[in-house]
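Data first, discussion second: the structure below is written as structure tokens.
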Protein chains: 2
Amino acid sequence: MHTRISSHSQEVIIGPDQPVVIIGERINPTGRRKLAAALEAGDMALLKEDARRQVEAGARILDVNVGISGADEAALMRQALAAVREVTDVPLCIDSADPKVLAAGLEVYEGKALVNSVNGEEAKLKEVLPVVAQYGAAVVALTMDDRGIPNDVDTRLAIADKILNEAARLGIATEDVIIDPLAMSVAADDQAGLTALTALARIRDRLGVNQTIGASNISYGLPERRAVNCVFLAMAVMNGLTCPITDPTIWEIRRTLLLADLFLGRDEFAMNYISAYREQFPEDD
Amino acid sequence: MHTRISSHSQEVIIGPDQPVVIIGERINPTGRRKLAAALEAGDMALLKEDARRQVEAGARILDVNVGISGADEAALMRQALAAVREVTDVPLCIDSADPKVLAAGLEVYEGKALVNSVNGEEAKLKEVLPVVAQYGAAVVALTMDDRGIPNDVDTRLAIADKILNEAARLGIATEDVIIDPLAMSVAADDQAGLTALTALARIRDRLGVNQTIGASNISYGLPERRAVNCVFLAMAVMNGLTCPITDPTIWEIRRTLLLADLFLGRDEFAMNYISAYREQFPEDD
């Protein structure tokens with residue numbers, strides 16, 4: 001199944017027969033004080049730098065989140081989308097907890113955006129999906145609902161099913177829903193990795209949809225978090241992860257995803273891996 | 001399915017519900033001049049050091065290969081097995097291209113050894129399997145035959161089937177055959193990773209046997225070989241690799257396998273990973 005996301009001038013195809021599509025996660029003020037301060041002051045320089053660097057490092061889509069408490073997030077989102085477009089033509093993922101901000105962003109966005117995110121909560125379904133349908137966007141759907149994040153695979157699958165049904169009812173195509181089966185900390189629950197990996201495989205086999213995951217939760221509380229995230233990403237790609245939300249400016253992450261593609265037969269003559277390596281370490285040539 | 005390998009005092013259980021069993025690969029003179037020279041001179045100090053270090057780094061079984069051209073390999077194998085036993089009680093994998101050397105080793109070995117290896121070649125089946133049966137050992141079986149290493153998964157599966165049938169005819173239990181579906185260089189063939197990963201999954205699903213793999217071929221000709229091997233190992237464990245032959249003294253390799261266990265729910269409270277990390281980096285405590 002192919003999900004097509006586009007900007008005014010580029011289209012990205014996400015699918016199991018395609019190389020992994022990295023959705024760059026860096027444009028997000030959560031835990032990034034400098035970016036938060038810059039956004040608050042209306043200074044888009046750092047955001048533009050993040051956009052440019054991620055695309056250079058192989059991001060095919062950029063997530064844009066400008067959630068800062070107290071700010072006019074809708075206005076800031078429009079400003080941020082315009083700023084990103086000044087430096088890159090890649091399609092964008094409009095990311096906010098507030099459906100009004102999503103609508104404000106979609107209204108000015110040229111192309112078919114990805115929206116981050118909906119989940120199985122009744123309020124979210126009611127508020128986010130109609131906006132996605134209205135603007136003909138695609139959407140990330142987290143497998144949690146009003147009862148929280150289920151510990152078991154069956155309930156996550158049932159929530160994915162429910163969101164897909166509700167999306168279909170509103171005219172959103174199945175291929176335009178990207179499921180996030182949620183990776184939680186293995187330090188807090190030693191079965192959390194198995195749950196996420198099993199959910200990925202079962203959602204792929206049963207529903208055939210594209211899947212994203214934020215891999216960084218998985219390593220919370222463990223040493224060598226970057227390595228932990230990389231091993232998880234490799235296993236997750238094996239099981240059906242097609243478009244992780246992650247930071248490609250971290251070479252180990254980018255390398256892991258390029259190698260996963262190579263091992264799945266999606267990198268002719270290993271050219272993508274080798275050329276990325278040469279960009280990263282030009283002095284070795 | 002459980003494969004049990006033992007020494008005079010220890011038993012190791014290999015199975016999909018068990019943590020990955022590392023078979024330490026370092027005791028092998030191929031490409032290791034210093035070890036080759038020491039073995040040739042009858043000096044077992046370096047071999048003992050390799051044995052000790054690998055067990056400290058988490059190897060649960062040690063492969064012992066003493067193939068040097070010109071040497072009396074059978075005598076050297078007996079000497080090596082005795083030397084290893086002086087420093088560790090872990091079960092051993094007796095590794096030689098010569099069936100007479102395998103027999104010489106098995107004759108003096110106390111416990112149930114692993115034998116490395118048989119394959120689908122008529123001569124190998126005829127010469128190696130009877131020795132394995134005679135001594136009640138287990139055996140690694142490579143999915144290649146007189147026609148070479150097949151490029152396709154179906155033929156590898158057919159060779160695995162053929163070896164299992166021939167083993168059964170001689171009274172060797174299915175669980176005592178560990179299949180190696182062979183990972184070849186992805187730089188030479190960009191579909192080699194997919195072939196190996198698909199073979200692992202299909203052999204697991206169809207035959208249910210334990211599987212080993214030598215991961216280092218996969219990276220031949222590529223930059224950052226260690227990282228390449230690690231990503232492949234993570235994906236291979238996801239698909240049914242239960243007892244890789246590798247070098248656990250390389251922390252990145254050991255860490256990858258520990259994390260793969262953690263993500264498959266086989267490491268209670270992440271204790272194996274955390275305690276290995278603390279051994280590796282005691283200064284961080």
Side-chain angles (χ1 to χ4, degrees), chain A residues 183 185-198 200-201 215 218-219 221-240 251-252 255-278 280-281 284-285, chain B residues 183 185-198 200-201 215 218-219 221-225 227-240 251-252 254-278 280-281 284-285:
Chain A
S185 162
V186 283
D189 169 9
D190 59 29
Q191 299 302 299
L194 183 60
T195 303
L197 291 169
T198 307
L200 279 164
I218 202 97
S219 60
L222 289 179
E224 301 200 272
R225 290 193 63 181
R226 193 173 285 190
V228 176
N229 293 341
C230 285
V231 173
F232 182 75
L233 279 171
M235 297 172 85
V237 171
M238 188 74 246
N239 280 16
W251 170 244
E252 292 90 331
R255 177 176 71 188
T256 295
L257 296 169
L258 286 163
L259 289 170
D261 275 336
L262 176 55
F263 294 140
L264 292 176
R266 304 166 181 163
D267 183 2
E268 211 179 352
F269 304 121
M271 282 306 294
N272 291 341
Y273 171 59
I274 291 170
S275 62
Y277 172 79
R278 286 186 180 150
Q280 189 70 21
F281 304 103
D284 291 5
D285 275 353
Chain B
S185 162
V186 284
D189 169 9
D190 59 29
Q191 299 302 300
L194 183 60
T195 303
L197 290 169
T198 307
L200 279 165
I218 202 97
S219 60
L222 290 179
E224 300 200 273
R225 290 192 64 180
V228 176
N229 294 340
C230 284
V231 173
F232 182 75
L233 279 172
M235 297 173 84
V237 171
M238 188 74 245
N239 280 17
W251 169 244
E252 292 90 332
R254 185 183 184 195
R255 176 177 71 190
T256 295
L257 295 169
L258 286 164
L259 289 170
D261 275 335
L262 176 56
F263 295 140
L264 291 177
R266 303 168 183 162
D267 183 2
E268 211 180 353
F269 304 122
M271 281 307 294
N272 291 341
Y273 171 58
I274 292 170
S275 62
Y277 172 79
R278 287 188 180 151
Q280 189 69 22
F281 304 104
D284 292 4
D285 274 352

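To find a chain, count down the sequence lines: A is the first, B the second, and so on, and within it residues start at 1.
Between A/D267 atom CG and A/N272 atom CG the span is 4.0 Å, to the nearest 0.5 Å. Residue B/N239 holds its CG atom at 9.0 Å from CE of A/M235, rounded to the nearest 0.5 Å. Here the CG atom belonging to A/L194 is positioned 10.5 Å from the CG atom belonging to B/L262, to the nearest 0.5 angstrom. To the nearest 0.5 Å, atom CG of residue A/L259 and atom CG of residue A/L233 are 12.0 Å apart.
For B/D189, no part sits under 4.5 Å from any heavy atom of chain A, backbone or side chain. Heavy-atom distances place no part of B/E252 under 4.5 Å from chain A, backbone and side chain included. Heavy-atom distances place both the backbone and the side chain of B/L264 under 4.5 Å from chain A. For B/L222, the part sitting under 4.5 Å from any heavy atom of chain A is the side chain, from C-beta outward, and nothing else.
Interface summary for chain A: among B/A196, B/A270, B/A227, B/A187, the most heavy-atom pairs under 4.5 angstrom belong to B/A227. Between chain A and the residues B/G193, B/A183, B/A201, B/A188, the most heavy-atom pairs under 4.5 angstrom are made by B/G193.
Under the 4.5 Å side-chain criterion, counting only non-hydrogen atoms from C-beta, B/E224 is in contact with A/F281.
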